[in-house]
Amino acid sequence: MSGACRARTRAACPVRVHLAVSLRYFNPIGCDPDLRSGLQVRQPTHALGVMIDAFQAGRAFPVTGTDWETRDGSGIRDYVHVHDLARAHVAALRRLDTITSSDASYRAINLGSGTGTTVFELIKAFESVTGKPLATERADRRPGDNAGAYPDVSLARELLDWEPALTVEHGIADSLAWYARRDVVLSDAAAAHEEGLSRP
């Protein structure tokens, strides 16, 4: 391509700055408030999923590591309700042009509680929601485990005017409600999919 051609192309197609926001979060919990969708894994490996499975099966929930340097010795993670995450995504879309610019075309924003929840705190919240004790057993740390983490969410407050509206207890209650309906919802969805495939 000649120099004149390149110049004409640049004039006709000016460089556009692409704006982007990355929302970062750790452990989504809960489900759609109308129970239309939720976690679709039948045997989840995250703490709350394992806790629900243990509770429903009458097994002890293992607390892996109780000597971490946290406020109660158990690992700490950050949990955030999926409905709060949806609100954050909407806020980011609505404010995309104001929170980004040609000088800062990309923003990474952490979402979460900003304080985290330890495993023992999660157990206490679970028992509060169910009104029943949860059998637990203390276990050694797993290889590769660490004390955990939770995010600095100051940018979410500053740029999105966002903070979680729903508590860990809300997330647990909604997760339990979804688990009670999950198999029926997923079976109905699979049947509708198969019916659609069978149509000419």
Side-chain angles (χ1 to χ4, degrees), residues 23-88 110-151 153 164-194:
L23 300 179
R24 304 185 299 194
Y25 42 88
F26 298 101
N27 295 284
I29 58 173
C31 66
D32 164 43
D34 295 323
L35 299 180
R36 295 167 298 186
S37 64
L39 186 66
Q40 299 189 10
V41 178
R42 293 185 189 276
Q43 291 185 315
T45 57
H46 64 280
L48 180 56
V50 173
M51 193 174 288
I52 292 172
D53 283 348
F55 177 74
Q56 293 179 340
R59 296 191 308 267
F61 171 76
V63 181
T64 52
T66 58
D67 57 350
W68 298 106
E69 292 183 10
T70 61
R71 50 186 174 255
D72 61 17
S74 64
I76 190 167
R77 302 289 184 271
D78 203 52
Y79 300 92
V80 59
H81 199 292
V82 292
H83 192 63
D84 281 329
L85 293 178
R87 288 176 42 247
N110 296 329
L111 304 176
S113 69
T115 57
T117 302
T118 68
V119 176
F120 285 139
E121 290 167 349
L122 188 65
I123 291 168
K124 185 177 179 181
F126 189 89
E127 292 177 332
S128 173
V129 170
T130 62
K132 298 177 181 177
L134 176 71
T136 62
E137 61 183 5
R138 296 181 179 228
D140 293 334
R141 298 179 181 184
R142 297 168 299 185
D145 269 355
N146 57 43
Y150 53 89
V153 295
L166 300 172
T167 64
V168 169
E169 286 82 1
H170 286 121
I172 293 169
D174 287 348
S175 294
L176 286 164
W178 167 249
Y179 273 61
R181 280 185 49 84
R182 179 189 60 193
D183 291 344
V184 172
V185 173
L186 295 183
S187 296
D188 289 349
H193 178 69
E194 289 298 324

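Computed from a prediction, not measured in an experiment: that's the story for all the values here.
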Query raised in the report: Counting heavy atoms not belonging to F120, are there more than 12 under 6.0 Å from its CZ?
Result: yes

Query raised in the report: What heavy-atom pair brings L122 and A47 nearest, and what distance separates the two atoms?
Result: CD2-CB, 4.1 Å

Requested in this report: Locate the shortest heavy-atom distance separating V153 from G114; write the atom from each residue and the value.
Outcome: CG2-CA, 4.0 Å

Query raised in the report: Would you call V129 and L176 a side-chain contact if the rule is heavy atoms closer than 4.5 Å?
Result: yes

Query raised in the report: Counting N and O atoms only, with roles assigned by atom type, does the side chain of N110 sit under 3.5 Å from a partner on the main chain of P151, one being a donor and the other an acceptor?
Result: no

Query raised in the report: Does some side-chain heavy atom of L85 sit less than 4.5 Å from a side-chain heavy atom of L111?
Result: yes

Query raised in the report: Between N27 and H46, do the side chains contain an N or O donor and an N or O acceptor separated by less than 3.5 Å?
Result: no

Report summary line: The reported gap from CG in D53 to OH in Y179 (rounded to nearest 0.5 angstrom) is 6.0 Å

Query raised in the report: Is there a donor-acceptor contact under 3.5 Å from the side chain of D34 to the main chain of R36?
Result: no

Query raised in the report: Heavy atoms, side chains only, cut-off 4.5 Å: are F126 and L48 in contact?
Result: yes

Query raised in the report: Given I172 and Y79, is the side chain to side chain contact (heavy atoms under 4.5 Å, CB included) satisfied, shown in steps?
Result: CA-CA 10 Å; I172 293 169; Y79 300 92; over 6 Å; no

Requested in this report: Mind listing the closest non-hydrogen atom pair of V168 and I29 along with its distance?
Outcome: O-CD1, 4.0 Å

Query raised in the report: Quick check: are there more than 12 heavy atoms from other residues, nucleotides or ligands sitting under 6.0 Å from CG of D32?
Result: yes

**Report entry** Atom pair CD/CE of Q56 and M51 - distance to nearest 0.5 Å
**Finding:** 13.0 Å

Query raised in the report: Taking NZ, NE, NH1 and NH2 as the nitrogens, is one of them in D67 or R141 under 4.0 Å from a carboxylate oxygen of the other?
Result: yes

Query raised in the report: If you round to the nearest 0.5 Å, how far is NE2 of H81 from CG of D174?
Result: 3.5 Å

**Report entry** OG1-CZ distance between T64 and R142, expressed to the nearest 0.5 angstrom
**Finding:** 4.0 Å

**Report entry** Shortest non-hydrogen contact between L166 and D84, atoms and distance
**Finding:** N-OD2, 3.0 Å

Query raised in the report: Of all heavy-atom pairs between G30 and S175, which one has the smallest distance, and what is that distance?
Result: N-OG, 3.0 Å

Query raised in the report: Got V80 and S113 here, is their nearest side-chain heavy-atom distance under 4.5 Å?
Result: no

Requested in this report: Using a 4.5 Å cut-off on heavy atoms from C-beta on, say whether the side chain of R77 contacts that of V119.
Outcome: no

Query raised in the report: Looking at CD1 of I123 and CG of D72, how far apart are the two atoms once the value is rounded to the nearest 0.5 Å?
Result: 9.0 Å

**Report entry** For the student: nearest non-hydrogen atoms of E121 and G116, plus distance
**Finding:** OE1-O, 4.1 Å

Query - Donor-acceptor under 3.5 Å (E127 side chain, L134 main chain) - result: yes

Query raised in the report: Taking the six-membered ring where the residue is Trp, are the ring centres of F61 and F55 under 6.0 Å apart?
Result: no

